[in-house]
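The structure under discussion appears below in the form of structure tokens.
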Amino acid sequence: MKLQDKVAIVTGGSRGIGRAIAQALSDHGAAVVITYLKSEVPAKEFVAALTEKGRKAMALEADVAQLAHAKRVTDQVREHFGRIDILVNNAGITADNYLTFMTEQEWRTVLDTDLGGVFYLIKTVGKEMMRKKSGRIINISSDAGLMGDMMRANYSAAKAGLLGLTKTAAREFAAHGITVNAVAPGLIETDMIAGM
């Protein structure tokens, strides 16, 4: 239970990679807060399963692509648990199309969620962590951000941008005892890629 008394936020934690991360954090003793946008039922079922085992868990509806939602999540977690120790930026979406056919909406929606959402959460949670001079931020990027991916100019650009954002945040927060890292998984069988 090496994370006993720690509080972790996992965005997009109701299913897929996010759920597995939240489960692992909980297994190591952390209180887990997951955010969801459309997956209310899986989110609440997951939280119920954790609390039945005596674990601390909470689900919050939030659109990470909106700064106001990121602030609300940070405030609610602080009010409920009194602290934030770990942030896992996992929430992400895809809107696949060939680059020349990709619509402005497809481009903006993915960038706003997959990159903008991470910026907003780091911005709001980072302030909380700086106050107590400790914290861990983990950003879930993708090998698509390293190599590019067919029909995913928006997703690849967001995930590549996330690597630059991670490095910048790591430099800025290092003096405050906060580490910032990125993980870039390859293709993993989750709901998001089920139709591929």
Would you say the side chain of Y36 lies within less than 4.5 Å of the side chain of R15, judging by non-hydrogen atoms?
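Not in contact.
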L115 vs F119 side-chain heavy atoms within contact, under 4.5 Å
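No, every pair of side-chain atoms sits at 4.5 Å or beyond.
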Assigning hydrophobic clusters by single linkage (Ile, Leu, Val, Met, Phe, Trp, Tyr; side-chain heavy-atom cutoff under 4.5 Å), is [X] placed with [Y]?
X: V64; Y: M129; result: yes
X: V32; Y: V125; result: no
X: I86; Y: I178; result: no
X: M58; Y: L87; result: yes
X: I138; Y: I9; result: no

If you compare all heavy atoms of D114 against all heavy atoms of A91, which two are closest, and at what distance to 0.1 Å?
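Shortest heavy-atom separation between D114 and A91 comes out as OD1-O, 4.3 Å.
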Can you see which heavy atom on L99 is nearest to which on A153, and at what distance?
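Closest approach of L99 to A153: CD1-CB, 3.7 Å.
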Are the side chain of [X] and the backbone of [Y] linked by a donor-acceptor contact shorter than 3.5 Å?
X: T35; Y: G12; answer: yes
X: T109; Y: E106; answer: no
X: D112; Y: G116; answer: no
X: S39; Y: P42; answer: no
X: S14; Y: A43; answer: no
X: N90; Y: V10; answer: no
X: S141; Y: K159; answer: yes

R83: side-chain contact (heavy atoms from CB on, under 4.5 Å) partners, not counting sequence neighbours:
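Result, side-chain contact (heavy atoms from CB on, under 4.5 Å) vs R83: K6, V7, D85, K132.
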Using atom types as modelled, flag every donor-acceptor pair under 3.5 Å from a side chain in residues 66-73 to any protein atom, sequence neighbours excluded.
from: Q66; atom 1: NE2; to: D63; atom 2: OD2; distance (Å): 3.1
from: H69; atom 1: ND1; to: D63; atom 2: N; distance (Å): 2.8
from: R72; atom 1: NH2; to: E61; atom 2: O; distance (Å): 2.6

Separation of [Y] [atom2] from [X] [atom1] (nearest 0.5 Å):
X: E128; Y: K123; atom1: CD; atom2: NZ; answer: 15.0 Å
X: K133; Y: H176; atom1: NZ; atom2: NE2; answer: 5.5 Å
X: L162; Y: S142; atom1: CG; atom2: OG; answer: 10.0 Å
X: M102; Y: R152; atom1: CE; atom2: CZ; answer: 9.5 Å
X: L25; Y: I34; atom1: CG; atom2: CD1; answer: 12.0 Å

Kindly check if the number of other-residue, nucleotide or ligand heavy atoms within 6.0 Å of CZ (R131) is above 12?
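Buried by this count: over 12 neighbours within 6.0 Å.
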Q4 atom CD: more than 12 heavy-atom contacts under 6.0 Å
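Yes, CD of Q4 has more than 12 neighbouring heavy atoms, counting only those of other groups under 6.0 Å.
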Audit row: I140, V88, side-chain contact (heavy atoms from CB on, under 4.5 Å) steps and yes/no:
CA-CA 7 Å; I140 307 302; V88 181; 4.2 Å; yes
How far apart are the C-alpha atoms of F46 and Q23, what are their side-chain angles, what is the distance that settles it, and do they pass the side-chain contact (heavy atoms from CB on, under 4.5 Å) test?
CA-CA 9 Å; F46 180 43; Q23 181 69 61; 3.3 Å; yes
Under a 4.0 Å N-O cut-off, is there an ion pair linking R55 with D27?
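Yes, R55 and D27 are salt-bridged.
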Working for side-chain contact (heavy atoms from CB on, under 4.5 Å), residues T94 and V110
CA-CA 6 Å; T94 58; V110 173; 5.5 Å; no
Criterion side-chain contact (heavy atoms from CB on, under 4.5 Å) on F173 and I137, from CA distance to verdict
CA-CA 10 Å; F173 290 157; I137 298 172; 4.0 Å; yes
T166 side chain to N139 side chain, donor-acceptor N/O pair below 3.5 angstrom
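Their side chains do contain a donor-acceptor pair, which is all the 3.5 Å distance test asks for.
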